[in-house]
Engineer: 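Sharing a structure here in structure tokens format.
Numbers restart at 1 for each chain; the letters A, B, ... are given by sequence-line order, proteins then strands.
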Number of protein chains: 2
Amino acid sequence: MTAPKGRKDKADASRVRILDAAAALFRERGFAAVSLRAIAAAAGMQAGSVYYHFESKEQIVVEVLNLGIAAVHRAVAESVAALPTSAAAAEVIGTGIRSHFRALFQFSAYTSANVRIYGQVPAAVRAANLPVRRGYEALWDGILDRAAAAGAVRPAVDRRAFRLMLIGSINATLEWFDPDRGDVADLAGRYAAILLHGLLQPGEDAAWAS
Amino acid sequence: MTAPKGRKDKADASRVRILDAAAALFRERGFAAVSLRAIAAAAGMQAGSVYYHFESKEQIVVEVLNLGIAAVHRAVAESVAALPTSAAAAEVIGTGIRSHFRALFQFSAYTSANVRIYGQVPAAVRAANLPVRRGYEALWDGILDRAAAAGAVRPAVDRRAFRLMLIGSINATLEWFDPDRGDVADLAGRYAAILLHGLLQPGEDAAWAS
DNA sequence: GTCTATAGCTCGATAGAC
DNA sequence: GTCTATCGAGCTATAGAC
């Protein structure tokens, strides 16, 4: 009983080390620039040993891409579900934005690997990641549909454009924000304020919005 | 007189073919994945010939990165400068957003190569592109400072966060928007409306913005 | 200006020892 | 589970013909 379990624990630990190393390297250098030798070295093993845990470099990158989105999806879904049903639309969306930010930087090796290399990965890898991406987009579409049904959303707003802007603009902060030099919660608050209320004074050229 | 000029024209044309080919390939596959052979083949020549025009692969990518930002910078600066000094803040910023979108997709090989590979390129290449990036950011900071001085901006807004969100969210559309299947000007209008006025109805939970 | 040929490396993946 | 050793391929950059 203990022997097989110990073996499995060791294998699992090695798998995780490989994935962590791969995510960090993909983020830094892109997909093609990272050699299996480099991944193996960062995980503390030889190149050949990686093939005991994964069939190919592509299988590794598929797992890295999926784990990044899954972590953000779980964080947003759980925090929003924990709110009372009476919560205002601004509170629900603000909570989702904060959770996306928090998970984004907590799992930044995986999330920024995803943001950076998704467009450069073989088509088969992209296809394997697509359902996970679509699932996260659907989570936000549901949140925004409920806010609109409650009458909280300006009718002029294209909700799909808003969802794309929300995810796209927050993910773009991975390229410049350093959580060691600033507070992620502050950043989330500033982004939420702009996304929900915009740049301009309420009276300023409201005609432009129509 | 005509002979040297003809030679120079040929060299210039080859340079442009190399840069166009490199930008498109970098966008598709990332920096490291693109071989000099592939660039040369797409430009209609052999690998060795590329070294007559450029010293190295790094020199090619520096030029690709700079040209992408320069095209957007020029378009935004010219369109905003052409407005009357009496133009409202919303019109100035909306014009800048539309020009950024238009140039972004007009020179999309260069602009999306920049967005995608900047984070994965050797440090020396990033350093060579940094002043050009900073220059474009300064252009927007000036536009937003003038809007704030005119009293058009909500005091609660962090203008640096807004500038980062504006550029980051618009550039992120390169990953999903297809200008052959939709109108870039429409997209620009939807993004401008959200950035300027936000998602929510004017009365809806204004306290959240503070 | 573009060509061919090639040097010196590094790559993904596999085979088989331990 | 991890190792070493290696195959065949592709890479950047250079050298020199035309």
Side-chain angles (χ1 to χ4, degrees), chain A residues 2-23 25-26 28-65 117 120-125 128, chain B residues 1-23 25-26 28-64 117 120-125 128:
Chain A
T2 63
K5 209 206 230 136
R7 227 179 297 138
K8 189 167 189 310
D9 284 353
K10 188 177 182 189
D12 284 352
S14 295
R15 257 185 83 90
V16 171
R17 286 206 322 278
I18 293 168
L19 289 169
D20 283 352
L25 288 166
F26 288 149
E28 265 174 56
R29 306 185 203 166
F31 173 68
V34 176
S35 66
L36 236 118
R37 286 167 170 79
I39 296 173
M45 62 181 71
Q46 298 299 315
S49 309
V50 173
Y51 287 87
Y52 176 82
H53 301 279
F54 296 92
E55 282 181 12
S56 67
K57 190 182 166 187
E58 289 200 6
Q59 197 187 87
I60 296 174
V61 75
V62 166
E63 200 142 340
V64 167
L65 294 179
I117 73 177
Q120 317 181 330
V121 111
V125 174
Chain B
M1 219 52 160
T2 62
K5 203 197 232 145
R7 226 179 298 138
K8 188 167 189 309
D9 285 352
K10 188 177 183 189
D12 284 352
S14 295
R15 258 186 82 90
V16 171
R17 285 205 325 276
I18 292 168
L19 289 169
D20 285 352
L25 288 167
F26 288 149
E28 264 174 56
R29 306 184 203 165
F31 173 68
V34 176
S35 66
L36 234 115
R37 285 169 168 78
I39 296 173
M45 61 181 72
Q46 299 299 315
S49 310
V50 172
Y51 287 86
Y52 176 81
H53 302 279
F54 295 93
E55 283 182 10
S56 66
K57 190 182 165 188
E58 290 200 5
Q59 196 186 91
I60 296 175
V61 75
V62 165
E63 199 141 341
V64 167
I117 73 176
Q120 317 181 330
V121 110
V125 174

Engineer: Let's go through B/Val61 and B/Val34 carefully: what are the C-alpha distance in whole Å and the side-chain angles of both, what is the deciding distance for side chain to side chain contact (heavy atoms under 4.5 Å, CB included) to 0.1 Å, and is it a yes or a no?
Structural biologist: CA-CA 11 Å; B/Val61 75; B/Val34 176; over 6 Å; no
Engineer: Determine, step by step, whether B/Val50 and B/Ile60 satisfy the side chain to side chain contact (heavy atoms under 4.5 Å, CB included) criterion, reporting the C-alpha distance in whole Å, the side-chain angles of both residues, the deciding distance to 0.1 Å, and the verdict.
Structural biologist: CA-CA 10 Å; B/Val50 172; B/Ile60 296 175; 3.9 Å; yes
Engineer: Between B/Ser56 and D/dA13, is there a side-chain N or O to OP1/OP2 distance below 4.0 Å?
Structural biologist: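 Checking B/Ser56 against D/dA13: no side-chain N or O falls below 4.0 Å of OP1 or OP2.
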Engineer: Starting at the 5' end of DNA chain D and moving along, which residue's nearest nucleotide shows up first, B/Ala33 or A/Met45?
Structural biologist: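 Result: A/Met45.
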Engineer: Nearest whole angstrom, please: distance from the C1' of C/dG12 to the CG of A/Leu25.
Structural biologist: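 Rounding to the nearest Å, CG of A/Leu25 and C1' of C/dG12 are 16 Å apart.
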Engineer: Expressed as a whole number of angstroms, how long is the span from A/Leu36:CG to C/dT14:P?
Structural biologist: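 Nearest whole value for this atom pair: 11 Å.
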Engineer: Any side-chain heavy atom of A/Leu19 sitting closer than 4.5 Å to one from A/Phe54?
Structural biologist: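 SC-SC contact between A/Leu19 and A/Phe54 confirmed.
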Engineer: Are any of B/Ser49's side-chain N or O atoms less than 4.0 Å away from OP1 or OP2 of C/dG1?
Structural biologist: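 Answer no for this pair, as no side-chain N or O of B/Ser49 is under 4.0 Å from OP1 or OP2.
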Engineer: Find the distance A/Arg29:CZ to C/dT10:P and express it as a whole number of Å.
Structural biologist: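 It is 13 Å, rounded to the nearest whole Å.
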Engineer: Does B/Tyr52 make a side-chain N or O approach to OP1 or OP2 of C/dT2 shorter than 4.0 Å?
Structural biologist: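 The answer is no; no side-chain N or O of B/Tyr52 sits under 4.0 Å from OP1 or OP2.
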Engineer: So A/Leu65 and A/Phe26, do their side chains get closer than 4.5 Å, heavy atoms only?
Structural biologist: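 No, their side chains stay 4.5 Å or more apart.
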Engineer: When the distance from NE2 of B/His53 to C1' of C/dT2 is rounded to whole Å, what number comes out?
Structural biologist: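 One finds 8 Å between C1' of C/dT2 and NE2 of B/His53, rounded.
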Engineer: So what does A/Val50 touch, heavy atoms closer than 4.0 Å: a base, only the sugar-phosphate, or nothing?
Structural biologist: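 If one applies the 4.0 Å heavy-atom cut-off, A/Val50 turns out to touch nothing in the nucleic acid.
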Engineer: Indicate whether OP1 or OP2 belonging to C/dT10 is found under 4.0 Å from a side-chain N or O atom of A/Ser35.
Structural biologist: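 Checking A/Ser35 against C/dT10: no side-chain N or O falls below 4.0 Å of OP1 or OP2.
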Engineer: Let me know the distance between OH of A/Tyr51 and C1' of C/dG12, rounded to the nearest Å.
Structural biologist: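 Spelled out: OH on A/Tyr51 to C1' on C/dG12 is 4 Å.
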Engineer: Go nucleotide by nucleotide along DNA chain C from the 5' end; which of B/Gly44 and A/Glu58 gets its closest nucleotide reached first?
Structural biologist: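 Comparing both residues, the 5'-ward one is B/Gly44.
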Engineer: A/Gln46 side chain N/O closer than 4.0 Å to the phosphate oxygens (OP1, OP2) of D/dT2?
Structural biologist: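 For A/Gln46, the contact criterion (side-chain N or O under 4.0 Å from OP1 or OP2 of D/dT2) is not met.
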Engineer: Please report, rounded to the nearest Å, how far the C1' atom of C/dT10 is from the NZ atom of B/Lys57.
Structural biologist: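 These atoms are roughly 13 Å apart.
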Engineer: Measuring from the side chain of B/Lys10 (C-beta onward, heavy atoms only), which nucleotide among C/dG1, C/dA13, D/dG1 has the closest atom?
Structural biologist: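 So the side chain of B/Lys10 is nearest to C/dG1.
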Engineer: Send over the distance from A/Phe31 CZ to C/dC11 P, rounded to a whole Å.
Structural biologist: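 It works out to 14 Å between those atoms.
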Engineer: Stepwise, does the side chain to side chain contact (heavy atoms under 4.5 Å, CB included) test hold for B/Asp12 with B/Val16?
Structural biologist: CA-CA 6 Å; B/Asp12 284 352; B/Val16 171; 5.6 Å; no
Engineer: Take the protein atom CD1 of A/Ile39 and the nucleotide atom P of D/dT2, then report the distance between them rounded to whole Å.
Structural biologist: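 Interatomic distance, CD1 of A/Ile39 to P of D/dT2: 15 Å.
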